[in-house]
There are 2 protein chains.
Amino acid sequence: MAILGFLRDFPLHGYDLKNRVAALAGHVRPIADGTLYPTIKKLEDAGCLTRRTAPGSVAAPRHMLEITQDGTDQLRRWLRNPEPGFITDDNKWYVLLAFLHHLENPREQALVLARRREFLDKPTQLFFDGDGRPIPSDQLESPFRKGLMQIHRSVNLNEIDWLDHQIADLNRRSGYVAQRSP
Amino acid sequence: MAILGFLRDFPLHGYDLKNRVAALAGHVRPIADGTLYPTIKKLEDAGCLTRRTAPGSVAAPRHMLEITQDGTDQLRRWLRNPEPGFITDDNKWYVLLAFLHHLENPREQALVLARRREFLDKPTQLFFDGDGRPIPSDQLESPFRKGLMQIHRSVNLNEIDWLDHQIADLNRRSGYVAQRSP
DNA sequence: ACAAGATATATCGATCCAGAGGTAAAGAAC
DNA sequence: GTTCTTTACCTCTGGATCGATATATCTTGT
């Protein structure tokens with residue numbers, strides 16, 4: 001998704017792509033050559049991108065990569081209907097968010113944000129005692145577990161706040177009028 | 001790490017372990033049977049845990065798993081000297097945090113927190129223009145990328161705040177006196 | 001008596017992915 | 001002129017992990 005997302009902004013060669021993906025996702029989990037180049041090839045085989053060999057401006061010749069219409073369609077499909085992990089895994093969610101603007105319909109964007117919003121609403125119970133009973137965060141003995149819960153809560157509230165504003169804004173822009181539940 | 005960490009609290013059977021790991025890490029990324037049971041076996045072969053077959057209280061017989069001294073040592077080694085990914089990847093970091101209390105020396109705990117603190121201090125530049133120049137977050141066109149940066153910043157500040165308090169507290173408790181740099 | 005469902009453990013094949021290694025070109029340093 | 005570094009690309013291997021599948025036990029409902 002990151003490869004197609006970046007290429008949708010402008011054509012890039014593999015090395016440049018690698019640096020951009022590394023800056024985005026790699027801040028937390030660097031991308032290896034052995035992952036990037038086979039993935040580029042896979043996307044090329046699938047018709048999602050084309051390759052033009054260009055003389056290297058600094059060194060070895062580059063393969064300029066350009067996204068195709070098929071690639072754009074694929075990217076939009078991934079964004080419009082993300083797999084569960086892209087909603088629940090923060091790392092993946094942030095990657096998705098970085099490219100959500102490529103989904104041009106504000107209604108569709110709002111729907112994706114709503115899925116994340118719904119996920120964040122679910123209360124999270126992380127720890128249980130010996131009998132399987134949930135331990136409320138103020139009764140946790142470990143200060144680290146306490147901190148974990150506290151950070152988790154404040155992060156969630158912060159993102160929920162942003163999501164609500166963003167969703168309202170997108171719906172307003174697309175002429176959506178909220179339905180009152182019967 | 002999660003398996004040994006939970007077993008360090010009290011002995012558990014695989015199914016219970018699975019639910020606990022799922023609640024902790026699986027909130028974002030569920031654990032599969034095909035991952036858990038081979039890992040348990042690997043840890044058993046490595047002498048990190050022992051297995052006692054007990055009659056199932058509810059259903060099929062259980063294998064009660066107990067951590068050994070070797071397992072405890074291994075867990076402490078992982079906690080004391082975590083691989084880079086456990087510092088930079090939020091998902092992994094939170095797992096580590098959930099078991100950091102098993103590292104009993106407050107000085108050692110503080111050192112791990114300090115590594116995370118150092119990582120969070122590094123400024124994060126996520127996006128670049130066509131010429132490779134960094135784009136400041138207020139000049140990002142996509143509202144999603146703006147939100148991403150904003151959430152990222154506030155999350156970091158929140159965690160940094162907690163880390164600083166916690167580190168100071170741990171150092172105080174271990175009789176550490178901060179050195180003034182020369 | 002029987003079926004359904006939760007509990008509980010285990011294996012296997014396919015796939016993903018990182019790390020290590022290899023090639024090559026251009027410019028900089030010595 | 002030779003080496004070093006950076007840029008740039010690529011492949012192979014092994015380990016990790018997932019999904020599917022299989023098995024067995026006990027409780028509950030019909």
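Reckoned from all heavy atoms, side chains included, excluding hydrogens, waters and symmetry mates. Residue numbers begin at 1 in each chain, while the letters A, B, ... track the order of the sequences.
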Decide yes or no for A:Met64 and A:Arg52: does some side-chain heavy atom of the first lie under 4.5 Å from some side-chain heavy atom of the second? yes

Using a 6.0 Å cut-off, check whether atom CD of A:Gln125 has over 12 heavy atoms from anything other than its own residue. yes

Quick one: A:Leu65 CG to D:dA8 C1', roughly how many Å, whole number? 12 Å

Could you list all the salt bridge (Lys or Arg N to Asp or Glu O under 4.0 Å) pairs where at least one residue sits in residues 30-48 of chain B, not counting sequence neighbours? B:Lys18-B:Asp33, B:Glu44-B:Arg51

Would you call A:Arg76 and A:Glu104 a salt bridge, taking side-chain N to carboxylate O under 4.0 Å as the test? yes

Of the options D:dT25, C:dA25, C:dA8, whose atoms approach the side-chain atoms of A:Pro61 most closely? C:dA25

Counting C-beta onward and ignoring hydrogens, is there a side-chain heavy-atom pair between B:Asp169 and B:His165 closer than 4.5 Å? no

A:Leu36-A:Leu49 co-clustered via ILVMFWY side chain contacts under 4.5 Å: yes

Using only heavy-atom distances, determine whether the side chains of A:Asn171 and A:Arg107 contain a donor-acceptor pair under 3.5 Å. yes

Could you check which of C:dT7, C:dA10, D:dT7 has an atom nearest any side-chain atom of B:Arg51? C:dA10

If two hydrophobic side chains count as joined below 4.5 Å and joins carry through other members, does B:Val95 share a cluster with A:Phe128? no

Take atom CD1 of A:Ile40 and atom P of C:dC16, then tell me their distance rounded to the nearest Å. 16 Å

Give the rounded distance in Å between these two atoms: CD1 of A:Ile3 and C1' of D:dC9. 14 Å

Roughly how many Å is it from CG in A:Leu17 to P in D:dT7, rounded to a whole number? 16 Å

Contiguous pairing runs of three or more, Watson-Crick or G-U under 3.5 Å, that involve DNA chain D: C:1-30 with D:1-30

Selection: residues 83-94 of chain B, any non-hydrogen atom under 4.0 Å of DNA chain C: none

Starting from C1' on C:dA25, measure out to NE2 on A:His63 and report it in whole angstrom. 13 Å

Taking atom C1' of D:dA8 as reference, at what distance in whole Å does atom CG of A:Leu12 sit? 14 Å

To the nearest Å, how far apart are B:Arg52 CZ and C:dA8 P? 15 Å

Quick one: is D:dT11 close enough that its OP1 or OP2 comes under 4.0 Å of any side-chain N or O from A:Lys41? yes

The complete set of salt bridge (Lys or Arg N to Asp or Glu O under 4.0 Å) pairs with one or both residues in residues 138-149 of chain B, sequence neighbours excluded, reads A:Asp9-B:Arg145

Between A:His13 and D:dC9, is there a contact of a side-chain N or O with OP1 or OP2 at under 4.0 Å? yes

Sugar-phosphate, base or nothing in reach of A:Lys18, heavy atoms under 4.0 Å: nothing

So does A:Asp161 pair up with A:Arg117, basic N to acidic O under 4.0 Å? no

Nearest to the side chain of A:Tyr37, heavy atoms from C-beta on, is which of C:dT9, D:dC10, C:dA10? D:dC10

Produce the list of close N/O pairs, under 3.5 Å, pairing protein atoms with atoms of nucleotides 18-21 of chain D; give distances to one decimal.
unit_1, atom_1, unit_2, atom_2, d
D:dC18, OP2, B:Thr35, OG1, 2.0

Sequence neighbours left out, what passes ring pair (Phe, Tyr, Trp, His ring centres under 6.0 Å) with B:Phe6? Give chain and number order. B:Phe99

Pair A:Arg77 + A:Asp73: basic N to acidic O under 4.0 Å: no

Minimum-distance nucleotide to A:Arg62 side chain [options: D:dA16, D:dC9, C:dT9]: D:dC9

Can you tell me the distance, in whole Å, between the OH atom of A:Tyr15 and the P atom of C:dA24? 19 Å

